[in-house]
Visitor: 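This structure is in structure tokens; I'll ask about it shortly.
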Amino acid sequence: MATAESERPARVSGIDKIERRRIALAESALKTLGELGYARTSLREIANNSEFTHGVVHYYFRDKIDLISYCVRYYKTKCARRYDEVVETAGSGDELVTGFLAKMIQTLVEETPMHKLWYDLRAQSMFEEQLRPDVEAIDQLLEEMIWRILSRYADLTGTAPTVDAPTAYALVDGLFEQAVVGYAANPDKTPDLLTDRLLQVLPKLVAA
């Protein structure tokens, strides 16, 4: 007779298999979501533009909100982690700022549709109560990411933050959202504008 311990690996393996499939579905769905946005995307539309059937998509996600929330949470978690290496390896304030700006401009240029989807989802959460817990969790994750960068910058420059974490996040994220909106109309100038604006703001967020 199997013991509880002998059964555990099978259960964990099953969980891992389900999570891997959800990740595969999310990665497949993100392109469609980025192109169509929240309102115009259905589970059937996602299935039609992927290798998965509508039945498979619906098996792993109970509805559109469940899928889109998972997709954005998965993507934004990866986004937040991409700055970790910059924070850990920077040897000076200037090096940290240079690395941070390079990563931010890269994601602006290469992944604009994904960021548009995030801001679309965040706006929709004001009307869709089911979205709010995931949106709040993602916002918290991004706020912590900005605070790690600002705190490290303060350490490297011998200064201290002049604002709290929510304020720092609101300022940086506001500039980034503005750039996401402007990039479609002016892709040549928007990255430089974002860089200039962040270079103006970041030094004001710390003081000796």
Side-chain angles (χ1 to χ4, degrees), residues 30 33-35 37-38 71-127 131-132 134-208:
L30 278 170
L33 290 166
E35 291 173 351
Y38 173 84
C71 286
V72 175
R73 188 169 65 249
Y74 169 74
Y75 171 71
K76 280 297 184 179
T77 298
K78 292 202 303 183
C79 278
R81 290 173 179 164
R82 73 173 36 141
Y83 298 96
D84 289 348
E85 183 179 357
V86 174
V87 172
E88 293 167 2
T89 61
S92 68
D94 288 343
E95 188 176 340
L96 177 63
V97 170
T98 299
F100 169 59
L101 292 177
K103 292 285 188 181
M104 182 165 277
I105 297 303
Q106 180 184 10
T107 189
L108 169 68
V109 172
E110 296 179 359
E111 300 166 323
T112 309
M114 298 300 99
H115 298 299
K116 288 169 64 178
L117 175 63
W118 157 240
Y119 290 120
D120 186 10
L121 189 72
R122 190 163 72 177
Q124 289 292 332
S125 71
M126 292 188 286
F127 308 99
L131 291 171
R132 290 174 196 165
D134 283 319
V135 167
E136 290 174 0
I138 295 167
D139 263 328
Q140 184 63 38
L141 178 73
L142 298 175
E143 178 185 306
E144 291 169 358
M145 177 265 291
I146 294 297
W147 188 246
R148 286 197 303 273
I149 293 168
L150 183 61
S151 298
R152 180 60 177 156
Y153 178 72
D155 289 342
L156 290 169
T157 56
T159 58
T162 58
V163 298
D164 60 10
T167 303
Y169 173 52
L171 290 169
V172 175
D173 183 67
L175 290 174
F176 187 74
E177 182 178 7
Q178 188 180 56
V180 170
V181 172
Y183 186 74
N186 200 342
D188 294 329
K189 293 184 178 179
T190 298
D192 289 338
L193 285 172
L194 176 60
T195 298
D196 291 343
R197 287 165 181 165
L198 286 170
L199 286 173
Q200 291 177 50
V201 167
L202 289 174
K204 294 180 173 63
L205 301 182
V206 296

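Small disclaimer: the values here were computed from a predicted structure and weren't measured. Sequence positions, counted from 1, serve as the residue numbers for this chain.
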Visitor: Report the distance from atom CD of E111 to atom NZ of K78, rounding to the nearest 0.5 Å.
Guide: 7.5 Å
Visitor: Stepwise, does the side-chain contact (heavy atoms from CB on, under 4.5 Å) test hold for M145 with Y169?
Guide: CA-CA 9 Å; M145 177 265 291; Y169 173 52; over 6 Å; no
Visitor: Please round to the nearest 0.5 Å and tell me the distance separating atom CD of E143 and atom CG of L141.
Guide: 10.5 Å
Visitor: Are the side chain of S125 and the backbone of R122 linked by a donor-acceptor contact shorter than 3.5 Å?
Guide: yes
Visitor: How many angstroms lie between atom CG of L194 and atom CD1 of I105, to the nearest 0.5 angstrom?
Guide: 4.0 Å
Visitor: Using the benzene-type ring in the case of Trp, are the ring centres of Y183 and H115 under 6.0 Å apart?
Guide: no
Visitor: For P191 and L108, which heavy atoms make the closest approach, and how far apart are they?
Guide: CA-CD2, 4.2 Å
Visitor: Taking side-chain hydrogen bond (donor to acceptor under 3.5 Å, both in side chains) as the cut-off, I'd like each qualifying pair that reaches into residues 192-208, sequence neighbours left out, listed once.
Guide: Q178-R197
Visitor: At their closest point, which heavy atom of L150 faces which heavy atom of P161, and how far apart are they?
Guide: CD2-CB, 4.1 Å
Visitor: Which value, rounded to the nearest 0.5 Å, describes the distance between E136 atom CD and R132 atom CZ?
Guide: 8.5 Å
Visitor: Would you check if C79 and R82 make a side-chain contact, meaning some heavy-atom pair closer than 4.5 Å?
Guide: yes
Visitor: For D84 and R148: C-alpha separation, side-chain torsions, deciding distance, then whether side-chain contact (heavy atoms from CB on, under 4.5 Å) applies.
Guide: CA-CA 9 Å; D84 289 348; R148 286 197 303 273; 3.3 Å; yes
Visitor: Would a 4.5 Å heavy-atom cut-off, applied to side chains only, mark Q124 and D120 as touching?
Guide: yes
Visitor: Taking atom NZ as the centre, does K76 end up with more than 12 heavy-atom neighbours from other residues, nucleotides or ligands that are less than 6.0 angstrom away?
Guide: yes
Visitor: Quick one: CZ on F176 to CG on L142, what's the gap to the nearest 0.5 Å?
Guide: 10.0 Å
Visitor: Would you please say whether a donor-acceptor pair under 3.5 Å links the side chains of E144 and Q140?
Guide: yes
Visitor: Are V172 and F100 close enough, and set up right, to give a side-chain contact (heavy atoms from CB on, under 4.5 Å), and what steps lead you there?
Guide: CA-CA 12 Å; V172 175; F100 169 59; 4.2 Å; yes
Visitor: Is the shortest heavy-atom distance from the side chain of W118 to the side chain of V180 under 4.5 Å?
Guide: no
Visitor: Which pair of heavy atoms, one from A165 and one from W147, lies closest together, and at what distance?
Guide: CA-CE3, 3.4 Å
Visitor: Might you work through the side-chain contact (heavy atoms from CB on, under 4.5 Å) test for I146 and D173, ending with a clear yes or no?
Guide: CA-CA 9 Å; I146 294 297; D173 183 67; over 6 Å; no
Visitor: If we only count heavy atoms from C-beta on, is the V97 to L199 side-chain gap below 4.5 Å?
Guide: yes
Visitor: Of all the heavy-atom pairs spanning A154 and V206, show the shortest one and how long it is.
Guide: CB-CG1, 4.1 Å
Visitor: How close do T157 and T159 get, counting heavy atoms only, and between which atoms?
Guide: OG1-OG1, 2.8 Å
Visitor: Roughly how far, to the nearest 0.5 Å, is CG of L96 from OH of Y153?
Guide: 8.5 Å
Visitor: Verify whether one side chain among T89 and E85 offers a donor that lies under 3.5 Å from an acceptor in the other.
Guide: no
Visitor: So, applying side-chain contact (heavy atoms from CB on, under 4.5 Å) with Y75, which one of I138, L117, L30 is it?
Guide: L30
